[in-house]
**Student:** 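Pasting in a structure now, in structure tokens, and then I'll have a few things to ask.
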2 protein chains.
Amino acid sequence: MTSPPDPDPDPDPDPTHATGLLIYEVLRLHGRLIAAGDALMAGLGLSSARWQVLGTVAASAAPLTVSDVARILGQSRQSVQRLVNEMERDGLLEAAANPAHRRATLVRLTAAGRDLHAAAEARRLPWTEGLAAGLGGADAAQAARTLAALRRLLERAEPPAGG
Amino acid sequence: MTSPPDPDPDPDPDPTHATGLLIYEVLRLHGRLIAAGDALMAGLGLSSARWQVLGTVAASAAPLTVSDVARILGQSRQSVQRLVNEMERDGLLEAAANPAHRRATLVRLTAAGRDLHAAAEARRLPWTEGLAAGLGGADAAQAARTLAALRRLLERAEPPAGG
DNA sequence: TCTCCATTGACAATATGTTGTCATTCTCGC
DNA sequence: GCGAGAATGACAACATATTGTCAATGGAGA
């Protein structure tokens, strides 16, 4: 059996090549993070998808609409809407009137939602600590800044015209 | 309407916090990359999911099985299997006998698959170039190394025990 | 050889995410 | 006020990904 080839972290200073490699690494990492998050939160009945929504609402100082959450997570409005609807049915989130927009209600945590988020944080933190020990804080912070810069480039860019 | 809060690239040297931020950025970036890839390859009839499979098979020096591709991409065997089956029906990939394992056939590109991959690269490269110009090659390379390190940590780690 | 067991491909069920469409609501310019 | 256009929530169809299960295959050790 062939073993999965691990493309060398190329010392090539070609910025395009490096950026292509970075993008490929984000794609490769994503599935593993989802799987790890699902496993980590399994006992809480919290999928990675729901955890992302819960965490985003919990972390935001200002109250958010469904569309806000979708923009933050980089997902479609409709995907997040379905998750939020389910989580409202499950009593984790509730809608609050939005004085600025009657139709676009604000999403906020219920007491149960806050409890679940606290439990999730209690699991996430030591897990993250273990990963941080293997990464180093400086590299992690630097990489996070670079990814944020890439994200902003994608947000500003016109949807690529495909030709 | 509230605008999506952009968490400051925190100067806090706490490694756990930095790693948590990095993970969150990977999640936020992923959706935007998928959307950009879909848009970029739309005219070729190539979704981001298929593009990832095509690119992985094309880039590998050694022939790969379906399970190999799944491991490289960090996705489940079954997801990749379905994509490969569809792409075989579409004439982009073909199965080749695996001398080491009769059941686990090797996946390789057909001529049509090679052509499509070349066309995809012709679109990907200038797009990546534009992003690289906004990132800087050194930062991109450094971030790619950090993400690869994080990926290896997740691959080595036992599936987190969820408690 | 034979048994155990991990790996693999196939299939089904389900969860998650995108795209398209529509009516409603808001914003902006006049 | 008023009309045009953008933003929003609802709904449907489809694409993608995970999980669970099963039989077939190959590898390692008795």
Side-chain angles (χ1 to χ4, degrees), chain A residues 1-4 27-28 30-39 41-42 45-54 64-71 73-90 93 95-107 159 162, chain B residues 1-4 27-28 30-42 45-54 64-71 73-90 93 95-107 159:
Chain A
M1 192 53 46
T2 56
S3 70
L27 298 176
R28 296 183 66 183
H30 177 260
R32 290 169 172 92
L33 286 174
I34 297 299
D38 281 344
M41 301 303 174
L46 193 60
S47 68
S48 283
R50 288 178 172 216
W51 173 78
Q52 283 179 256
V53 171
L54 192 72
L64 303 174
T65 68
V66 167
S67 293
D68 290 333
V69 175
R71 272 189 295 269
L73 292 178
Q75 291 171 2
S76 76
R77 197 162 45 88
Q78 293 88 330
S79 300
V80 175
Q81 183 76 56
R82 186 163 42 71
L83 284 170
V84 167
N85 289 344
E86 292 170 358
M87 292 170 76
E88 285 179 348
R89 282 183 216 116
D90 289 353
L93 301 176
N98 184 351
H101 199 307
R102 193 193 311 174
R103 191 177 180 82
T105 59
L106 298 171
V107 179
Chain B
M1 197 52 44
T2 55
S3 68
L27 299 176
R28 296 183 65 182
H30 178 260
R32 290 169 173 92
L33 286 174
I34 296 299
D38 282 343
L40 189 62
M41 301 303 175
L46 194 59
S47 68
S48 282
R50 288 178 174 216
W51 173 77
Q52 284 179 256
V53 171
L54 192 74
L64 303 175
T65 66
V66 167
S67 293
D68 289 334
V69 176
R71 272 189 294 269
L73 292 178
Q75 290 171 2
S76 75
R77 195 164 45 87
Q78 293 88 332
S79 301
V80 175
Q81 182 76 57
R82 186 165 43 68
L83 285 170
V84 167
N85 289 345
E86 291 170 359
M87 293 170 76
E88 285 178 349
R89 282 183 216 115
D90 290 352
L93 301 176
N98 184 350
H101 198 307
R102 194 193 311 174
R103 190 177 180 84
T105 59
L106 298 172
V107 179

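Numbers restart at 1 for each chain; the letters A, B, ... are given by sequence-line order, proteins then strands.
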**Student:** Would you kindly give the CZ-to-C1' distance between Arg82(A) and dA15(D), to the nearest whole Å?
**Tutor:**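 Roughly 12 Å, once rounded to whole Å.
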**Student:** Starting at CG of Asn98(B) and ending at P of dG26(D), how long is that distance when rounded to a whole Å?
**Tutor:**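 It works out to 9 Å between those atoms.
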**Student:** Is any side-chain nitrogen or oxygen of Ser67(A) closer than 4.0 Å to OP1 or OP2 of dG9(D)?
**Tutor:**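 Yes, such a contact exists.
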**Student:** When we call it a touch if two heavy atoms are under 4.0 Å apart, what does Ser76(B) touch: a base, just sugar-phosphate, or nothing?
**Tutor:**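 Here Ser76(B) touches the bases of the nucleic acid.
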**Student:** If you find the nucleotide of DNA chain D closest to Ala49(B) and the one closest to Arg102(B), which residue's nucleotide is nearer the 5' end?
**Tutor:** Ala49(B)
**Student:** Does the Asp38(B) side chain pair with the main chain of Ser48(B), one donor and one acceptor, at a distance under 3.5 Å?
**Tutor:** yes
**Student:** Between Asp90(A) (side chain) and Met87(A) (backbone), is there a donor-acceptor pair under 3.5 Å?
**Tutor:**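 Between the backbone of Met87(A) and the side chain of Asp90(A) there is no qualifying donor-acceptor contact (under 3.5 Å).
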**Student:** Under the side-chain contact (heavy atoms from CB on, under 4.5 Å) test, which residues partner Gln78(B), sequence neighbours left out?
**Tutor:** Ser76(B)
**Student:** Can you find a pair of side-chain heavy atoms, one from Asn98(B) and one from Thr65(B), that are under 4.5 Å apart?
**Tutor:** yes
**Student:** Whole angstrom is fine here: how far is it from CD in Glu88(A) over to C1' in dA10(D)?
**Tutor:** 13 Å
**Student:** Can you check the Arg32(A) CZ to dA17(D) P distance for me, whole Å?
**Tutor:** 14 Å
**Student:** Measure across His101(A) and Ala104(A) and return the closest heavy-atom pair with its distance rounded to 0.1 Å.
**Tutor:**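 Heavy atoms only, the tightest pair is ND1-N, 3.1 Å.
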**Student:** Categorize Val80(B) for me: base, sugar-phosphate, or nothing, with a 4.0 angstrom heavy-atom threshold over every strand shown.
**Tutor:** nothing
**Student:** Nearest whole angstrom, please: distance from the P of dG17(C) to the CD of Gln52(B).
**Tutor:**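 In whole Å, dG17(C) P and Gln52(B) CD are 15 Å from each other.
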**Student:** I want to verify a distance call: between dC26(C), dT7(C), dG17(C), whose nearest atom is closest to the Gln75(A) side chain?
**Tutor:**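 My answer, after comparing the listed nucleotides, is dG17(C).
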**Student:** Could you state the CZ-P distance from Arg50(B) to dG17(C), rounded to the nearest angstrom?
**Tutor:**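 Computing the Arg50(B):CZ to dG17(C):P distance gives 21 Å.
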**Student:** Which residue, Thr105(B) or Gly74(A), contacts DNA chain C at a nucleotide closer to its 5' end, judged by nearest heavy atom?
**Tutor:** Thr105(B)
**Student:** Under 4.0 Å, counting only non-hydrogen atoms across every strand here, what does Ser47(B) touch: a base, just sugar-phosphate, or nothing?
**Tutor:**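 Result for Ser47(B) = sugar-phosphate.
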**Student:** Would you tabulate the pairs of protein nitrogen or oxygen atoms and nucleotide nitrogen or oxygen atoms of nucleotides 10-14 of chain C closer than 3.5 angstrom?
**Tutor:**
{"from": "dA10(C)", "atom 1": "OP2", "to": "Gln81(B)", "atom 2": "NE2", "distance (Å)": "2.8"}

**Student:** Tell me the interatomic distance from Glu86(A), atom CD, to dA15(C), atom P, rounded to whole angstroms.
**Tutor:** 8 Å
**Student:** Does Ser79(A) make a side-chain N or O approach to OP1 or OP2 of dT18(C) shorter than 4.0 Å?
**Tutor:**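 Answer is yes, contact under 4.0 Å.
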**Student:** By the 4.0 Å heavy-atom rule, please label Leu83(A) as base, sugar-phosphate, or nothing.
**Tutor:** sugar-phosphate
**Student:** I need the CG-C1' distance between Asp90(B) and dA15(D), as an integer number of Å.
**Tutor:**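 Going from Asp90(B) (CG) to dA15(D) (C1'), I get 14 Å.
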**Student:** Of Arg89(A), Arg82(A), Gln81(A), which is the lone residue that meets side-chain hydrogen bond (donor to acceptor under 3.5 Å, both in side chains) with Asn85(A)?
**Tutor:**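 Testing each of Arg89(A), Arg82(A), Gln81(A) against Asn85(A), the sole residue satisfying side-chain hydrogen bond (donor to acceptor under 3.5 Å, both in side chains) is Gln81(A).
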